[in-house]
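Atoms within each ligand, like the ligands themselves, are counted from 1 in listed order.
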Amino acid sequence: MPATFPKDFLWGSATASYQIEGAVDEDGRGPSIWDVFSHTPGKVARGETGDVACDHYHRWREDVALLADLGVGAYRLSIAWPRVQPTGAGAFNQAGLDFYDHLVDALLAAGIAPVVTLYHWDLPQALQEKGGWVERDTAHRFAAYAERMATTLGDRVRLWTTFNEPWCVAYLGHASGEHAPGAHNPAAALTSVHHLNLAHGLGVQAIKAARSGAQTSIVWNLQALKPATDDAEDLEACAKLSRVGNEIFTDPVLGGSYPAALFEDTARFTTWDCIREDDLATIHQPIDAVGINYYTTATVAAAPGVLYDSQTAHPSPWIADDVRFIDPPGPRTDMGWLIDPSGLTTLLTDFHQRWPGIPLMVTENGAACADTIAADGGVHDPARIDYLDAHIGAVHAAIEDGAPVCGYFAWSLMDNFEWAHGYGKRFGLTYVDYPTQRRIPKDSFAWYQGVIARNGLA
Ligand code: FCB
């Protein structure tokens, strides 16, 4: 049966500034925490950095042409905060603003709607030196930056996203230390969560103040957690991880409160004295859509006596006691992530049940494959096509079940700097030959063109 999507369904692709732009010290851009982190020995595979990345800063016209060729209706991009405001406070950098101005114009001229993320992890380093997300003032700095961007681009950008995956910012950045700024401090991670939530609320207010007609959203990598068994202990372990991984973001933003049990779950790490009166009201702003990034599922079991420890060689990003993850057998991508498309249907339908009424978008989904250029000059990636086919089918199933999913963005338009994995993991629909920066559309690119053209699966 062909899976046809609703009329007006938005097909897109996504990237992020630090992963593609390069040109890290050109035209007045300030350093970000990812510049510092990637230049710190031992943090990124093979010592790779985003200094050049896909050189998108210079090749953006070619990349817009790729998007046009792909046929997408929307492109999810992020703004590098330190490119437009080098120290994260005070003066804005006209050359940086111009870059995004021209990019947005070119997208619109190609009939592609820009969906703009304000924060996809590249915090200005100057703000990190004042405490970064552990410091409350960073939320106010973010709001000022958001207001400026909405003022500058809001006549052409309709849909704004405050944050991409605050889970990663807080927990990979401050608990496991796998991401910038590389801290191993559970209390700092939990404080960051609150300040990220606060920054989201302040950011939404600032965007609306600058442009009353703007639409706002946030993107979460909601964790698709499954209990190992139906035993009460495993169910509770799963519920606990869902609180620290999911409801810690969704409940304050969409419901105006943190889950009560969360304070008990995290009492060993923090008293939550970072929460001030009125913060929850600020965080709880009406928004127009929620973006969900989905790659895989995880299976959770109770593990009494296993205590979270940030000082081990590889501390977990999950700040919770008495839980453990189980690795079920099954096919995996080149990231080692389990391929489980049904998890996406469940995530979308469960979310809709819990938070009815809010439009959903799948803002990232895709697979890393060990792609190479074949003798015929093409890049043949049948495993990625299978992955995308199954997951787009899973989105369709969620829509059939009543979930109001209005868009799907393939991660990613092109291979790019995959954070701590460097350039070793390729997620692109387009192959990037880094030594020459040549873009080679993969087989999956042509396949996705077909999906977009027929508004569904064959
Ligand atoms: C997500 C990130 C994105 C990319 C994919 C693979 O967590 O938002 O930048 O790295 O994973």
Any side-chain heavy-atom pair of His120 and Gln19 under 4.5 Å: yes
Is any N or O atom of Asn164, backbone or side chain, closer than 3.5 Å to an N or O atom of ligand 1? yes
Nearest non-hydrogen protein atom to atom 7 (O) of ligand 1, with distance, is Glu165 OE1, 2.5 Å
Is there a nitrogen or oxygen of Trp337 sitting under 3.5 Å from a nitrogen or oxygen of ligand 1? no
Assign the ring pair Trp11 / Tyr448 to parallel, tilted or perpendicular, where the plane angle (0 to 90°) is split at 30° and 60°. perpendicular
Report yes or no: does a heavy atom of Met335 sit under 4.0 Å from some atom of ligand 1? no
Numbered atoms and elements of ligand 1 in range of His120, under 4.0 angstrom, heavy atoms: 2 (C), 3 (C), 8 (O), 9 (O)
Please test Tyr408 against Phe9 for ring-ring contact (aromatic ring centres under 6.0 Å, His included), starting from the C-alpha separation and ending with a verdict. CA-CA 8 Å; Tyr408 174 92; Phe9 189 81; 7.5 Å; no
Please report which non-hydrogen protein atom sits nearest to atom 3 (C) of ligand 1, along with the residue it belongs to and the distance in Å to one decimal place. Glu364 OE1, 3.3 Å
Find all atoms of ligand 1 within a distance of less than 4.0 Å from any non-hydrogen atom belonging to Gln19, and give their numbers and elements. 3 (C), 4 (C), 9 (O), 10 (O)
Phe163 vs Leu196, test: side-chain contact (heavy atoms from CB on, under 4.5 Å). Steps then yes/no. CA-CA 8 Å; Phe163 285 89; Leu196 288 157; 3.5 Å; yes
Quick one: which ligand 1 atoms are inside 4.0 Å of a heavy atom on Phe427? 6 (C)
Provide, to 0.1 Å, the distance between atom 5 (C) of ligand 1 and the closest protein heavy atom, together with that atom's residue and name. Tyr295 OH, 3.3 Å
Using a strict cut-off of 4.0 Å, indicate which atoms of ligand 1 neighbour a heavy atom of Trp411. 3 (C), 4 (C), 5 (C), 6 (C), 9 (O)
May I ask you to check if ligand 1 and Trp121 share an N or O to N or O distance below 3.5 Å? no
Roughly how far, to the nearest 0.5 Å, is the CH2 atom of Trp220 from the CZ atom of Phe249? 9.0 Å
If I take atom OG1 from residue Thr299 and atom CG from residue Leu225, how far apart are they, to the nearest 0.5 angstrom? 9.0 Å
Which residue and atom name correspond to the protein heavy atom nearest atom 10 (O) of ligand 1, and how close is it? Glu418 OE1, 2.7 Å
Rounded distance (nearest 0.5 Å) linking atom NE2 of His140 with atom NE2 of His195: 8.5 Å
Going from CZ on Arg156 to CG on Asp105, what distance comes out if it is rounded to the nearest 0.5 angstrom? 4.5 Å
